[in-house]
Amino acid sequence: MYHLRVFVIIKRYYGKKHSSNLWLERQSRDPYVKRAREEDWRCRSAFKLLEIDAKHKLLKPGQLVIDCGCAPGSWTQVIVQKINANDNDMKWPKGTAIGIDLQHVNPITGAILLSKCDFTSAITQAEILQKLGNRKADLVLSDMAPACSGDRSMDHDKIIELCSSVIRFSTVVLKKDGAVLCKIWMGGQQKLLEDAMRKLFLNVKYVKPNASRDDSAEIYLLGRNFKGMT
Ligand SMILES: C[S@@+](CC[C@H](N)C(=O)[O-])C[C@H]1O[C@@H](n2cnc3c(N)ncnc32)[C@H](O)[C@@H]1O
């Protein structure tokens with residue numbers, strides 16, 4: 001019995017060490033990780049949003065954008081840059097970026113950050129509404145991802161729950177014709193989410209940027225031209 005316990009402990013230790021070595025090796029070979037460091041983005045995810053934006057032209061000067069699941073902050077960095085791109089031109093108002101995350105987020109100049117906040121909680125959503133005042137958002141983004149349990153189907157259900165919360169909140173805060181972009185992990189419930197979005201947005205499509213790893217189940221659902229609530 002004792003030997004069995006020792007064997008299990010050693011296997012667990014080396015298993016973890018092996019997978020963290022694989023992760024390190026993968027990071028060191030990843031060109032986006034290197035570029036993120038060189039270009040001062042907080043993480044490689046910046047390139048996903050930059051790529052989606054280059055193709056779909058979502059971010060514009062003067063917009064109000066809500067970034068759900070923003071830590072460590074690379075999407076918020078991109079947003080702040082794009083919505084204030086015409087900063088010297090007085091005809092454009094300054095943009096507003098609001099980032100929310102469960103984790104601590106280091107300050108980003110030009111962004112309002114709600115650190116250590118659960119986006120799905122009523123308290124956090126009330127706080128976002130308070131920050132908005134009587135303004136509405138042009139764009140709601142969600143790159144939120146639940147902590148992986150290792151059970152694909154359970155993780156899929158959890159991320160769909162997060163997206164459902166984003167869509168519900170978007171119906172309250174979005175301007176007519178506004179847009180939502182949210183990350184999902186593909187699975188059985190994605191069609192339900194897609195159908196719910198089709199009822200609210202004129203255009204709904206799937207988007208997979210090159211910076212999103214090929215072997216990942218990650219994909220983004222983009223809903224454009226919010227129909228507004230009647
Ligand atoms: C992939 S990371 C986001 C990366 C980010 N877009 C960037 O570019 O830096 C996913 C984030 O979602 C956050 N998250 C997961 N569930 C959340 C929740 N209920 N409320 C707020 N943030 C959440 C996690 O804490 C994590 O930081």
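Counting starts at 1 for both ligands and their atoms, following the listed order.
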Original post:
CZ of R152: more than 12 outside heavy atoms within 6.0 angstrom?
Top reply: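 No, the 6.0 Å shell around CZ holds no more than 12 heavy atoms from other groups.
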Original post:
Heavy-atom count around K55 NZ within 6.0 Å, excluding the residue itself: above 12?
Top reply: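 At most 12 heavy atoms, drawn from other residues, nucleotides or ligands, come within 6.0 Å of this atom.
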Original post:
Can you find a pair of side-chain heavy atoms, one from V80 and one from T109, that are under 4.5 Å apart?
Top reply: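 Counting from C-beta outward, V80 and T109 never come under 4.5 Å.
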Original post:
Hey, which residues fall under 4.0 Å of ligand 1 on heavy atoms?
Top reply: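 Answer by chain and number: C43, S45, G69, C70, A71, P72, G73, S74, W75, D101, L102, Q103, C117, D118, F119, D143, M144, A145, L162, K183.
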Subject >> salt bridge (charged side-chain N to carboxylate O under 4.0 Å, His left out) partners of residues 160-187, not counting sequence neighbours, each pair once >> reply: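 Residue pairs passing salt bridge (charged side-chain N to carboxylate O under 4.0 Å, His left out), neighbours aside: D138-K175, D143-K183, K183-E218.
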**OP:** Verify whether the ring centers belonging to W185 and Y220 lie closer than 6.0 Å.
**Re:**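 No, they do not, as the ring centres are separated by 6.0 Å or more.
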**OP:** For the residue pair T120 and D118, confirm or rule out a side-chain donor-acceptor distance under 3.5 Å.
**Re:**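 D118 and T120 do have a side-chain donor-acceptor pair below 3.5 Å.
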